[in-house]
Peer 1: 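For reference, the structure I am asking about is given below.
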Amino acid sequence: MEIKPLIDYPRDAVDRLLNVIHLFRDIRASNEWQYTVLLKRSRLVSLQPGEQLLRAGEVDQWLYFLLRGELLVHVDTAGKMAEMAGERTLAVIRPGELFGDLSMLLSEPRSANVLASPHSRDTQVLGLDCTLFGDLDDLSLLQLPAKLIFYRNMVHSLRWKLEVYRSKYPGHQLADSHRKLKLYTGPKHCRQELVALAEQARGLARILLDWNAEFGSGELIDGESDMQGFLESMLS
């Protein structure tokens with residue numbers, strides 16, 4: 001594994017690289033200085049085929065975006081189900097996708113193992129230091145507009161993932177859980193909105209983690225299911 005600070009790369013190359021990531025693009029459009037703060041707290045990680053990036057049970061400070069290559073997601077299981085599952089891949093993460101967000105939002109250890117595909121010769125991941133966003137009252141580095149952009153992105157991403165689950169299993173007891181979380185309708189561009197978005201993101205993350213536990217247990221997986229393309233970037 002090779003890790004390099006993003007700020008060490010030429011700025012024009014970095015700008016082109018990150019233009020495909022909504023969070024970086026939106027913050028850059030809002031405030032160039034805040035965008036530079038993100039760059040200073042980001043790093044590029046290059047992985048060899050089959051090399052592991054995240055390990056279930058571990059704790060770290062990084063939120064990730066896949067830039068190039070392919071990542072595989074495995075969930076630790078126990079007992080008989082472990083024997084049945086073996087090394088079965090439960091998710092495939094592809095370029096442009098965000099992962100690692102559940103651990104960050106819930107302040108919990110990683111719930112899955114993530115490794116570079118054995119068939120992916122060049123896997124490159126962007127890591128962003130998520131401690132920039134954790135303390136809502138600390139605006140010394142990232143100001144209110146940038147944090148609002150971050151949590152709006154998180155809520156949108158999580159709701160989309162949960163809608164995918166709902167469309168696949170509409171009769172499941174968790175199917176409508178996320179729709180019961182009220183959308184924020186108060187004043188915009190203020191701390192009140194930030195707090196509400198952060199609470200909503202954590203609530204959505206908890207529901208997504210519950211879904212992931214269902215898949216990890218094997219309850220929603222059978223030999224006929226084509227899970228590839230459906231569970232993409234769901235488990236972090």
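Throughout, residue positions are numbered sequentially from 1 according to the sequence presented.
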Peer 1: So, using side-chain hydrogen bond (donor to acceptor under 3.5 Å, both in side chains) as the criterion, who are the partners of S120 when residues are at least two apart?
Peer 2: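 Only T123 meet the side-chain hydrogen bond (donor to acceptor under 3.5 Å, both in side chains) criterion with S120.
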Peer 1: Taking atom CG of L63 and atom OG of S103, what is their separation to the nearest 0.5 Å?
Peer 2: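 Answer for the CG-OG pair, L63 versus S103, is 9.5 Å.
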Peer 1: Hydrophobic clustering (ILVMFWY, side-chain heavy atoms < 4.5 Å, transitive) - are I207 and Y184 grouped together?
Peer 2: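 No: no chain of side-chain contacts under 4.5 Å links Y184 to I207.
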Peer 1: How many angstroms lie between atom CE of M104 and atom CG of L128, to the nearest 0.5 angstrom?
Peer 2: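 Rounded to the nearest 0.5 Å, the CE-CG separation comes out at 9.0 Å.
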Peer 1: Apply salt bridge (Lys or Arg N to Asp or Glu O under 4.0 Å) to D12 and list each qualifying residue two or more places apart in sequence or on a separate chain.
Peer 2: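 Listed in chain order: R16.
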Peer 1: Going hydrophobic residue to hydrophobic residue with side-chain gaps under 4.5 angstrom, can you get from L181 over to L162?
Peer 2: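 Yes, because L181 and L162 connect within a single hydrophobic cluster, where side-chain heavy atoms sit under 4.5 Å apart.
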Peer 1: Residues two or more places apart in sequence or in another chain: which of them pass side chain to side chain contact (heavy atoms under 4.5 Å, CB included) with D122?
Peer 2: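 Side chain to side chain contact (heavy atoms under 4.5 Å, CB included) list for D122, sorted by chain: R68.
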Peer 1: After noting the C-alpha distance and the side-chain angles of Q143 and W33, does the key distance pass the side-chain contact (heavy atoms from CB on, under 4.5 Å) rule?
Peer 2: CA-CA 10 Å; Q143 298 174 346; W33 172 68; 3.6 Å; yes
Peer 1: Flag the pair L38 / L132 as yes when at least one side-chain heavy-atom distance between them is below 4.5 Å, and no otherwise.
Peer 2: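 The answer is yes, as the side chains (C-beta and beyond) meet within the 4.5 Å cut-off.
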Peer 1: Determine, stepwise, if the pair L158 / L102 fulfils side-chain contact (heavy atoms from CB on, under 4.5 Å).
Peer 2: CA-CA 9 Å; L158 289 165; L102 302 190; 3.8 Å; yes
Peer 1: Name all residues meeting the salt bridge (Lys or Arg N to Asp or Glu O under 4.0 Å) criterion together with K4; count only those two or more places apart in sequence or in a different chain, and write none if there are none.
Peer 2: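 Once residues adjacent in sequence are excluded, the partners of K4 under the salt bridge (Lys or Arg N to Asp or Glu O under 4.0 Å) criterion are E2.
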Peer 1: Report yes or no: do L66 and I3 belong to one cluster of Ile/Leu/Val/Met/Phe/Trp/Tyr joined by side chain heavy-atom distances under 4.5 Å?
Peer 2: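 Yes; I3 is reachable from L66 via cluster members.
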Peer 1: Below 4.0 angstrom, N of the basic side chain to O of the carboxylate: do R94 and E97 qualify?
Peer 2: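 No, no charged N to carboxylate O under 4.0 Å.
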Peer 1: Is any side-chain heavy atom of L67 less than 4.5 Å from a side-chain heavy atom of L17?
Peer 2: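 Answer yes - side chains close enough.
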Peer 1: Look at the rings of F24 and F65 and say which category their plane angle falls in: under 30° parallel, 30 to 60° tilted, over 60° perpendicular.
Peer 2: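 The rings of F24 and F65 stand perpendicular, inter-plane angle above 60°.
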Peer 1: Which of these passes side chain to side chain contact (heavy atoms under 4.5 Å, CB included) with H22: I149, I27, N153?
Peer 2: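 Only one option passes, and that is N153.
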Peer 1: Would you call V45 and Q124 a side-chain contact if the rule is heavy atoms closer than 4.5 Å?
Peer 2: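 Side-chain contact under 4.5 Å: no.
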Peer 1: Using a 6.0 Å cut-off, check whether atom CD of Q48 has over 12 heavy atoms from anything other than its own residue.
Peer 2: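 For Q48, atom CD is not crowded (no more than 12 foreign heavy atoms under 6.0 Å).
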Peer 1: With S140, which residues qualify under side-chain hydrogen bond (donor to acceptor under 3.5 Å, both in side chains), at least two apart?
Peer 2: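 Applying side-chain hydrogen bond (donor to acceptor under 3.5 Å, both in side chains) to S140 gives D138.
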Peer 1: Going by heavy atoms in the side chains, are E70 and V92 under 4.5 Å from each other?
Peer 2: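 In short, these two side chains touch, coming nearer than 4.5 Å.
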Peer 1: Using salt bridge (Lys or Arg N to Asp or Glu O under 4.0 Å) as the criterion, list what pairs up with D176, not counting sequence neighbours.
Peer 2: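 So D176 forms a salt bridge (Lys or Arg N to Asp or Glu O under 4.0 Å) with R166.
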Peer 1: Is it true that D60 and R110 have a side-chain N and a carboxylate O under 4.0 angstrom from each other?
Peer 2: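 Looking at D60 and R110, the cut-off is met.
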Peer 1: Quick one: which of V37, I7, V14, L126 gives a side chain to side chain contact (heavy atoms under 4.5 Å, CB included) with S42?
Peer 2: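 It is L126; the other options fail the test.
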Peer 1: To the nearest 0.5 Å, what is the distance between OG1 on T131 and CG on D129?
Peer 2: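 Atom-to-atom, T131:OG1 and D129:CG are 3.0 Å apart.
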Peer 1: Can you tell if the side chain of M1 reaches within under 4.5 Å of the side chain of Q52, non-hydrogen atoms only?
Peer 2: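 When only atoms from C-beta onward are counted, Q52 and M1 do not touch, as no gap falls below 4.5 Å.
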Peer 1: Taking the side chain as every heavy atom from C-beta outward, state whether S157 and K161 have any pair of such atoms under 4.5 Å apart.
Peer 2: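 Yes, side chains in contact.
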Peer 1: Using 0.5 Å steps for rounding, measure from the CG atom of L39 to the CG atom of L6.
Peer 2: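 Separation between the atoms: 5.5 Å.
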Peer 1: Enumerate the residue pairs fulfilling salt bridge (charged side-chain N to carboxylate O under 4.0 Å, His left out) with a member in residues 19-35, sequence neighbours excluded, ordered by first and then second residue.
Peer 2: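 Applying salt bridge (charged side-chain N to carboxylate O under 4.0 Å, His left out) to every pair that reaches into residues 19-35, excluding sequence neighbours, yields R11-E32, D15-R28, R28-E32.
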Peer 1: In chain order, what residues pass the side-chain hydrogen bond (donor to acceptor under 3.5 Å, both in side chains) check against E108, with sequence neighbours excluded?
Peer 2: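 side-chain hydrogen bond (donor to acceptor under 3.5 Å, both in side chains) list for E108, sorted by chain: R206.
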Peer 1: Which pairs, with at least one residue in residues 141-159 and sequence neighbours excluded, count as a salt bridge (charged side-chain N to carboxylate O under 4.0 Å, His left out)?
Peer 2: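 Residue pairs with at least one partner in residues 141-159: R152-E193.
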Peer 1: Run the side-chain contact (heavy atoms from CB on, under 4.5 Å) test on S111 and L209 for me, step by step, so that the C-alpha distance in whole Å, both residues' side-chain angles and the decisive distance to 0.1 Å come before the verdict.
Peer 2: CA-CA 8 Å; S111 60; L209 200 62; 3.8 Å; yes
Peer 1: Output, in order, the C-alpha distance, side-chain angles, deciding distance and verdict of side-chain contact (heavy atoms from CB on, under 4.5 Å) for W211 and H172.
Peer 2: CA-CA 10 Å; W211 271 108; H172 193 276; 3.7 Å; yes
Peer 1: So how far is it from Y165 OH to H178 NE2, rounded to the nearest 0.5 Å?
Peer 2: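 Reported to 0.5 Å precision, the distance equals 12.0 Å.
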Peer 1: Could you check whether any side-chain heavy atom of L47 comes within less than 4.5 Å of a side-chain heavy atom of L53, counting everything from C-beta outward?
Peer 2: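 Of all side-chain heavy-atom pairs linking L53 with L47, at least one is under 4.5 Å.
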Peer 1: Listing request: all ring-ring contact (aromatic ring centres under 6.0 Å, His included) pairs with a residue in residues 115-134, at least two apart in sequence or in separate chains.
Peer 2: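 For residues 115-134, and leaving out neighbouring residues, the ring-ring contact (aromatic ring centres under 6.0 Å, His included) pairs sorted by first residue read F133-F150.
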Peer 1: Output all residues satisfying side chain to side chain contact (heavy atoms under 4.5 Å, CB included) with P118, sequence neighbours left out; order by chain, then residue number.
Peer 2: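 So P118 forms a side chain to side chain contact (heavy atoms under 4.5 Å, CB included) with L72.
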Peer 1: Hey, are the side chains of Y64 and V114 touching, using non-hydrogen atoms and a 4.5 Å cut-off?
Peer 2: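 They are not in contact (no side-chain heavy atoms under 4.5 Å apart), so the answer is no.
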Peer 1: Please identify each residue that fulfils salt bridge (Lys or Arg N to Asp or Glu O under 4.0 Å) with R202, with sequence neighbours left out.
Peer 2: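 Once residues adjacent in sequence are excluded, R202 has no partner under the salt bridge (Lys or Arg N to Asp or Glu O under 4.0 Å) criterion.
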Peer 1: In Å and rounded to the nearest 0.5 Å, what is the CG to CD distance from L144 to Q34?
Peer 2: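 Nearest 0.5 Å value for the CG-CD distance: 10.0 Å.
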Peer 1: Give me the atom names and distance for the closest heavy-atom approach of P170 to S167.
Peer 2: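 Closest approach of P170 to S167, heavy atoms only: CD-O, 3.8 Å.
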